[in-house]
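Structure record follows, encoded as structure tokens.
Just so it is clear: chains get the letters A, B, ... in the order the sequence lines come, proteins before strands, and each one is counted from 1.
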Amino acid sequence: MSDSHVAQPGAWQQFWQSKRNRRRVTLTVKFLFAAVTLAITLLPILFTLSSAFNGGGSLSATRLLPAKPTMENFRVILVENDFWLWLRNSATVSSIAAVLSGFLTMLTAYSFSRFRFHGREHLLLMILIVQVFPSLLAMIALFSLLQQIGQYVSFVGLNQLGGLIFLYLGGAISINVWLMKGFFDSIPREIDEAGMVEGATHWQIFWKLLFPLVRPIILVIMILTFFGTFGDWLLPRLMIQDADKYTLMLGLQQFIVNDYGNNWGTFAAGAVLGAIPQVTVFIILQEYIVGGLTAGSVKG
Amino acid sequence: MTKTEAFHKNAGSLSLGRIGLVLLGLIIFDAFAMWFIYQMLGDGVWQLAAMVGAVALLVNGIWLHPRGYPLRWMSPGFSFMILISIFPILMTIYYAFTNYGTGHILTKTQSIAVFEARTYLPDDANVYDYTVFQGEDGRYALWLQSQNNAGTFATSDGTLVEGIGPLDADGIPETVANYRRLTKAQSLRAIAELADMQFGAAPNVVQITARPGEAAQLAPRFVYDPATDTLRDQQKEILYTADAERGAFVAADGQELIPGYQVPVGWRNFDRFLNNPSFRGPLLPIFIWTFIYAGATVLVAFSFGLAIAIAFGRDMPFGRFIKSLFIIPFAVPGVLSILIWRGLLNPLNGVVSTTLAEMLGQPIGWPPVFSDPFWVKVALIGINVWLVYPYFMLINSGALQAIPQDMYEAAEIDGANAWQQFRYLTLPLLLVGVGPLLIGSFIANFNSFNTIYLFNDGGPPIAGAATPAGHSDILISYVYRLAFGGGGGQDFGYAAAISMIIFVILLLFTLLQFRYMRIWEGVGENV
């Protein structure tokens, strides 16, 4: 017993001495680790995909490979439910909110980048501090704000898509202003000065000279804002009562919440369809997203 | 002064046409703002009116003052921010000191208006003989005749109708515009419906009385007297006095009129959870669980994300491809992921439970992630880690790449083993950048309402709590439950008071974050 105990480390050490062996072991361990983590990460998504194509549609019938693949669940969610209506509501709210927010962000960032004025640093800091308090915390006040405003201007009131858009605009001035300001800062001032020599106004310099240069960035910011809004569930839940004004997330949640057992397959189909746009865009914009996240970390 | 700065100085003074355009825009903006403020003051909504007024003044100042030019660009964005981000935060603080909630939703002005609109049938009311008419669209109207026999036509929605036809011997027309006269029998058949209706425009509103063929004029039931701040109930002859502490009109015998109105109540909401055991009872475990939930999520997700980032780092074949697969869960909207997990973890027929039953011989229904407080919490942390760790994987691999390779070579020459390299080189350097994001993520998860609410609605419920509360509720979902959860009504004031606790905690952590950033900045520069 003691012999083998002594001998084993010896053999192990010998094996470990070889760089090739060491690399092989490390790689094996890494691939095992990859398999486990990928399973944890992707299995829930694969199960959902499978449920979407599975006939029957009950929760208990979930298998990794559908027994008899069918499009029935997709037909039910698209034809017998209000999927398209919810999608249209979501797309309307998110796209208007994203375009307006993007525009406000651009104007604000341009001013921070190109002008020096009293209180500039304080305003920049204030943006960061206001960000800390999620709008969720003030949900009661937001609710009564919409209720009060809606009494006078009905299309931005409670239970109105306009009211939702209005609330999302409150978050337009966000960390994105900092990001956007950074991009404006990186555009040489000489471009502005060339415009000034030609007698262009600030608006013309902004719109004709600088905007084309930052257009790709602002597009990415708008797309990310769009999906941030698209994926929001809580504000619609608080502010919208009528089923015909549900956003997609709210509609799918209300659809599944009452009857998990029987609606599972249909919900899975809806979830797959609801996730496709964002997953596609995120994979295309991978570089930007990872870049944006790590820029935050590396710069601090 | 450079050419650019000189130009900026003059930016405000531009051509006359432009100034005219600015003025025109401001006039339209101000007209709208003033109309809005006027309406709101009429309803006693003075906080919002004051805030809109302040924003309008600010915008005017920025656009009229020459040095405000740079601020013009941000005035729309910041106006929204003040109105929709900052104002609600201030209002939440205000609500924490009021009785705002079920029965006290309205302002005092609105509450008085509600009572003044109520009517009753006085004993000595003006009485009329009526004849029923019915329009082509089925709506009813009355032809009313008083003692002196002058007839008037009163429709159910109070609109005036022209075109009264020729009167018969009793002074009643056959037709009025497109309304047709009903016979006695016809009107008797509709009497139940007619008895609930009111006819004519205010203040001459009549209702059918119990006596056949007789209608009487309704009188306002409550009369408000601003001098004494009282409401007089004309019907029962009771005087209700405004009680600024209870936020309602109260009779001498203590009876309150419903609905009441909003009033400041001082520290009463805070007093409840500080000194009342039945309110404090559920709050303490919720408070502790919120910290455990957010802390465990960040810690596990960070470690897991870091492990993956290191493992699939430089020399891993397909490393890039594998890492890009982690984008997928990150890209699925979180709401959908949580709802999917709720299905997969369903103890009775979810795939996790059934697989465990097959593989380990566990009974069906295990783990009880919906009914057992411990297992609910385990599941919630698990789900939240699943949602968050791809984020940490992505930022960690970015931060790892920023660490210069030659530092590891130097460490190797110094004889540092892998663990020492990680402990004394990788981790400290990584935390320079990622540290503040860890705190940021803690703050975000401190308020991750969706996971808690969508998975199990904060349940299972805590038995015997003064207000409904669940074992897996975090502070923010508890606030939601108090404010919108139904059950015992909406308690906005108390919910806002609890929001204040969250405010304070967030503020502390943000200060910590800012400090942390500065400290590590110094370290970063030394490296």
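- With hydrogens and angles disregarded, a donor-acceptor distance shorter than 3.5 Å links the side chain of B/W386 to the backbone of A/I40.
- With a 4.5 angstrom heavy-atom cutoff, B/N450 touches chain A only via side-chain atoms.
- Using a 4.5 Å cut-off between heavy atoms, B/Y94 does not touch chain A at all.
- Ring centroids of B/Y453 and A/W233 are separated by less than 6.0 Å, placing the two rings close together.
- Ring geometry, A/F143 versus B/F484: the interplanar angle exceeds 60°, so the pair is classed perpendicular (tilted spans 30 to 60°).
- In this structure, the portion of A/I45 lying under 4.5 Å from any heavy atom of chain B is its side chain and not its backbone.
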- When you look at A/Q151 and B/D43, which way does the side-chain contact (heavy atoms from CB on, under 4.5 Å) test go after all the steps? CA-CA 10 Å; A/Q151 288 181 336; B/D43 282 339; 4.0 Å; yes
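- Interface remark: A/F31 contributes backbone and side-chain atoms alike to the contact with chain B (heavy atom separation under 4.5 Å).
- No side-chain heavy atom of A/F117 sits less than 4.5 Å from a side-chain heavy atom of B/Y69.
- Counting non-hydrogen atoms of neighbouring residues, nucleotides and ligands closer than 6.0 angstrom, the OH atom of B/Y38 reaches no more than 12 such neighbours.
- Considering only heavy-atom pairs separated by less than 4.5 Å from chain A, the leading option among B/L339, B/N447, B/T510, B/V52 is B/L339.
- Put simply, CD1 on A/I283 and CG on B/L325 are 8.5 Å apart, with the number rounded to the nearest 0.5 Å.
- Interatomic distance, A/M139 CE to B/Y480 OH, rounded to the nearest 0.5 Å: 8.0 Å.
- Taking the six-membered ring for Trp, A/F206 and B/W73 have ring centres closer than 6.0 Å.
- Proximity to chain B (any heavy atom under 4.5 Å) is restricted, for A/Y110, to the side chain, taken from C-beta onward.
- Neither the backbone nor the side chain of B/A444 comes within contact range of chain A; no heavy atoms are under 4.5 Å apart.
- Interface remark: B/F32 contributes side-chain atoms only to the contact with chain A (heavy atom separation under 4.5 Å).
- Residue contact with chain B, scored on non-hydrogen atoms closer than 4.5 Å, involves the backbone and the side chain of A/M126 alike.
- Neither the backbone nor the side chain of A/A172 comes within less than 4.5 Å of any heavy atom of chain B.
- Looking at A/L238, the atoms closer than 4.5 Å to chain B (heavy atoms on both sides) all sit in the side chain, from C-beta outward.
- The side-chain heavy atoms of B/M91 and A/L142, taken from C-beta on, include no pair separated by under 4.5 Å.
- Within the model, atoms CZ of B/R72 and CZ of A/F115 stand 10.0 Å from one another, a figure rounded to the nearest 0.5 Å.
- Counting only distance, with no hydrogens or angles, the side chain of A/S111 and the backbone of B/P70 share a donor-acceptor pair below 3.5 Å.
- In this structure, the portions of A/L169 lying under 4.5 Å from any heavy atom of chain B include both its backbone and its side chain.
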- Check the pair B/T92 / A/I140 against side-chain contact (heavy atoms from CB on, under 4.5 Å), numbers first and verdict last. CA-CA 7 Å; B/T92 306; A/I140 298 157; 5.8 Å; no
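- Nearest heavy atom pair, residue B/I310 against residue A/K30, reads O-NZ, 4.4 Å.
- When heavy atoms are compared at a cutoff of 4.5 Å, A/I276 does not approach chain B at all.
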Contacts under 3.5 angstrom, residues 78-89 of chain B side chains, donor-acceptor by atom type, not counting sequence neighbours:
unit_1 : atom_1 : unit_2 : atom_2 : d
B/S79  : OG     : B/S75  : O      : 2.6
B/S85  : OG     : A/G170 : O      : 3.0

- Where do A/L123 and B/M74 land on the side-chain contact (heavy atoms from CB on, under 4.5 Å) test, with the steps shown first? CA-CA 10 Å; A/L123 279 180; B/M74 4 185 130; 4.1 Å; yes
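- Looking at A/L104, only its side chain comes within 4.5 Å of chain B, counting heavy atoms on both sides.
- Neither the backbone nor the side chain of A/R120 comes within less than 4.5 Å of any heavy atom of chain B.
- Per-residue heavy-atom pair counts under 4.5 Å with chain B were compared for A/L128, A/T105, A/L136, and the maximum is reached by A/L136.
- When atom types are taken as modelled, the side chain of A/Q278 and the backbone of B/V332 share no donor-acceptor pair closer than 3.5 angstrom.
- Side-chain contact check for A/S144 versus B/Y95: some heavy-atom pair is nearer than 4.5 Å.
- Of the N and O atoms on the side chains of B/Y389 and A/T37, not one donor lies less than 3.5 Å from an acceptor on the other residue.
- At a 4.5 Å heavy-atom cutoff, the contact between A/V279 and chain B is made by backbone and side-chain atoms alike.
- Interatomic distance, A/T48 OG1 to B/I340 CD1, rounded to the nearest 0.5 Å: 3.5 Å.
- Put simply, of B/L454, B/I443, B/I502, the one with the most heavy-atom pairs under 4.5 Å next to chain A is B/L454.
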- Task: Go through the steps to decide whether A/I149 and B/L48 satisfy the test side-chain contact (heavy atoms from CB on, under 4.5 Å), and finish with yes or no.
- Result: CA-CA 9 Å; A/I149 291 182; B/L48 183 57; 3.9 Å; yes
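- Ring planes of B/F330 and A/F282: tilted class, angle from 30 to 60°.
- Annotation: the span from B/I105 atom CD1 to A/Q147 atom CD amounts to 6.5 Å, rounded to 0.5 Å.
- Neither the backbone nor the side chain of A/V281 comes within contact range of chain B, judged by heavy atoms closer than 4.5 Å.
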